[in-house]
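Here's the structure we're looking at; comments come further down.
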Number of protein chains: 2
Amino acid sequence: MSDTDPKATRTGRPRSIAADAAILEATRASLVDLGWSKLTMSDVATRAGVAKTTLYRRWAGKNELVVDAVAVLFDELELPDRGSLAADVQGVVLQFAALLERPEARTALMAVVAESTRDDSLRHRIRSAIVDRQKRLVLLGRERAQARGELRYEDDASDADRNADLIFDVIAGAVVHRTLVSAEPVDAEWASGFTSLLLLGLAGAQAG
Amino acid sequence: MSDTDPKATRTGRPRSIAADAAILEATRASLVDLGWSKLTMSDVATRAGVAKTTLYRRWAGKNELVVDAVAVLFDELELPDRGSLAADVQGVVLQFAALLERPEARTALMAVVAESTRDDSLRHRIRSAIVDRQKRLVLLGRERAQARGELRYEDDASDADRNADLIFDVIAGAVVHRTLVSAEPVDAEWASGFTSLLLLGLAGAQAG
DNA sequence: TTCCTTACGCTACGACCCGTAGCGTAACTG
DNA sequence: CAGTTACGCTACGGGTCGTAGCGTAAGGAA
């Protein structure tokens, strides 16, 4: 969450955890109302009923604040066992798409990624707060598919890692691109077509 | 380019086309040096040797200006016939990745997309200036693959359209996500793995 | 040429946000 | 109790925004 991580109980007045929650909630509300570019620290402070200085005591700036405010949304993603690899993929695609329908996620995600191209520490923050939390879904889905016999167990560990990263980029990238760049809906039909393509490949999907 | 499109020859002093070029060039230079968030209209005007008011006479704001400044970069993308669908896909992936290596493209692309989530006219501008220019590559690649017999000709026209859009989102999305979100390089090895996945599908790529 | 029209450069302006400093007060610890 | 840290508040210099106003430059039309 905040920048400093007070180890154990320190002396002095403790930070208000209620303020933390109020600030992050206010940040999301401001994202919905104003969007990324018009969101200001002053506005968030006012909404949260907190002094502006308090924000700067906990976050370096707008970028870090928004990452933390949005990160929690991505924890909602789950991967219930739907019985087959195809169903699991389609399920997670629709779930991710639903997340990107939320205006606070839409406007914030790409903006902080854009900022991170010139800010390494922000990039790491995004990775640990958002990206890595999604990647676990890929690993879980693969395990299940392997247990079902739909995918074989990979011999080489580094090959397996590279493959998981690849699949993650393909799934997340396609959904993000469809939603934010092409700006068209990810509905059940699209998810179905995408799943076929991912599982069967270009020629295979055409045949089936 | 600029907002107003003077139909035919009008009376009065004509707009300087040299200024147009200088402004767009200055915008790209400013993107390289300062990045999206720190780029200001004043800075661009100074670099271009132009008054700030001239910028506002031609573009509504930073968003529109940057879209136009970056759009030309995407015209460099080509799709030479490399003899097979796999080679064509791999080629365009590496080409697109090389484009995203350029700092002015990295920092601008995601930023304007983020802004476009709250600005319909900007979204249309991005679509016509950037997105649609890339989509032609997918259509061309499919035609060639069909002529080679690697893909069959689709019966239904709307099916074919949906499929092309899907493939476009998958390719562009994966490359963008790998480059900007995962922040890892798109090298020949990754492009090869991605191409296998796209052509053969999850199970097929594992086998091959 | 002389008018007319539009673009340009320049200056100045109010409005807003940034990020920080300083101060008195509040809360918790030993 | 004293010591330490967080908080709210105010104020500030510095910067950007987008626009208005002015005189001048560069074309077309009479």
Side-chain angles (χ1 to χ4, degrees), chain A residues 1-27 30-31 33-66 111-112 115 118-119 121-122, chain B residues 1-27 30-31 33-66 111-112 115 118-119 121-122:
Chain A
M1 295 290 249
S2 319
D3 271 352
T4 56
D5 178 33
K7 46 192 64 176
T9 62
R10 287 196 312 176
T11 174
R13 176 178 177 175
R15 283 191 173 173
S16 162
I17 40 181
D20 254 333
I23 291 169
L24 294 177
E25 175 60 33
T27 304
S30 188
L31 280 173
D33 291 350
L34 305 178
W36 161 265
S37 60
K38 295 185 178 175
L39 177 147
T40 66
M41 297 295 267
S42 305
D43 178 73
V44 172
T46 304
R47 287 175 191 255
V50 163
K52 191 174 61 167
T53 44
T54 299
L55 266 67
Y56 283 104
R57 289 191 185 103
R58 307 187 183 200
W59 287 277
K62 177 173 162 175
N63 292 334
E64 291 77 6
L65 172 61
V66 169
V112 294
E115 290 299 304
R118 307 203 108 237
D119 184 337
S121 69
L122 181 62
Chain B
M1 293 290 247
S2 318
D3 272 352
T4 58
D5 178 33
K7 47 191 64 175
T9 62
R10 287 196 311 176
T11 174
R13 176 177 177 176
R15 283 191 173 173
S16 163
I17 41 178
D20 254 335
I23 291 169
L24 294 177
E25 174 62 33
T27 304
S30 187
L31 279 173
D33 291 351
L34 305 178
W36 161 266
S37 59
K38 295 186 179 174
L39 178 146
T40 68
M41 298 295 266
S42 306
D43 178 74
V44 172
T46 303
R47 287 175 191 255
V50 163
K52 191 176 61 167
T53 45
T54 298
L55 265 67
Y56 282 104
R57 288 190 185 102
R58 307 189 183 198
W59 287 276
K62 178 173 162 176
N63 293 334
E64 291 77 7
L65 173 60
V66 168
V112 293
E115 290 300 305
R118 307 203 108 236
D119 183 340
S121 69
L122 181 62

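This one's a predicted model, so the numbers in the text were calculated from it and none came from an experiment. Heavy atoms only: backbone and side chains are in, while hydrogens, waters and symmetry mates are out. Just so it is clear: chains get the letters A, B, ... in the order the sequence lines come, proteins before strands, and each one is counted from 1.
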Quiz item: Under 3.5 Å, is there an N or O donor on one side and an acceptor on the other linking the side chain of Thr53(B) and the base of dC10(C)?
Solution: yes
Quiz prompt | Any donor-acceptor N/O pair under 3.5 Å between dG9(C) base and Lys52(B) side chain | solution = no
Quiz item: Between dT16(D) atom C1' and Trp36(B) atom CH2, what is the distance in whole Å?
Solution: 14 Å
Quiz item: For the pair made of CD1 in Ile23(B) and C1' in dA7(C), what is the distance, rounded to whole Å?
Solution: 12 Å
Self-check item: Ser30(B) (side chain) donor-acceptor with Ala26(B) (main chain) under 3.5 angstrom
Solution: no
Self-check item: DNA chain C: 5'-proximal contact among Thr54(B) and Pro14(A) (nearest heavy atom)
Solution: Thr54(B)
Exercise. Specify the separation, in whole Å, of atom CG of Leu65(B) and atom P of dG18(D).
Key: 12 Å
Practice problem: For the pair Lys38(A) (side chain) and Asp33(A) (backbone), establish whether a donor and an acceptor sit closer than 3.5 Å, ignoring hydrogens and angles. | Solution: no
Practice problem: To the nearest Å, give me how far apart CG (Asn63(B)) and C1' (dC17(D)) are. | Solution: 13 Å
Quiz item: So do the side chains of Asp119(B) and Glu64(B) get within less than 4.5 Å of each other, counting heavy atoms only?
Solution: yes
Exercise. Provide, to the nearest angstrom, the distance between the CG atom belonging to Leu55(A) and the P atom belonging to dT20(C).
Key: 13 Å
Quiz prompt | dA26(C) base / Arg13(A) side chain donor-acceptor hit below 3.5 Å | solution = yes
Quiz item: Side-chain N or O of Ser42(B) less than 4.0 angstrom from OP1 or OP2 on dG15(D)?
Solution: no
Practice problem: Using atom OH of Tyr56(B) as one end and atom P of dT16(D) as the other, report the distance to the nearest whole Å. | Solution: 11 Å
Quiz item: Rounded to the nearest Å, what distance is computed from the CZ atom of residue Arg57(B) to the C1' atom of nucleotide dG9(C)?
Solution: 8 Å
Quiz prompt | N/O donor-acceptor pair, side chain Arg15(B) with base dG27(D), under 3.5 angstrom | solution = no
Quiz item: Between Met41(B) (CE) and dT19(D) (P), how many Å, whole number?
Solution: 10 Å
Quiz item: Taking only side-chain nitrogens and oxygens of Ser16(B), does any of them come within less than 4.0 Å of OP1 or OP2 of dA7(C)?
Solution: no
Quiz prompt | Side-chain touch Met41(B)/Leu65(B), heavy atoms, less than 4.5 angstrom | solution = yes
Quiz prompt | Minimum side-chain heavy-atom gap Arg15(B)-Asp20(B) below 4.5 Å | solution = no
Quiz item: Which comes earlier along DNA chain D counting from the 5' end, the contact point of Lys62(B) or that of Gly12(B), where each point is its nearest nucleotide?
Solution: Lys62(B)
Exercise. Taking only the side-chain heavy atoms of Thr11(B) (C-beta and beyond), determine which of dG27(D), dG9(C), dG8(D) contains the nearest atom.
Key: dG27(D)
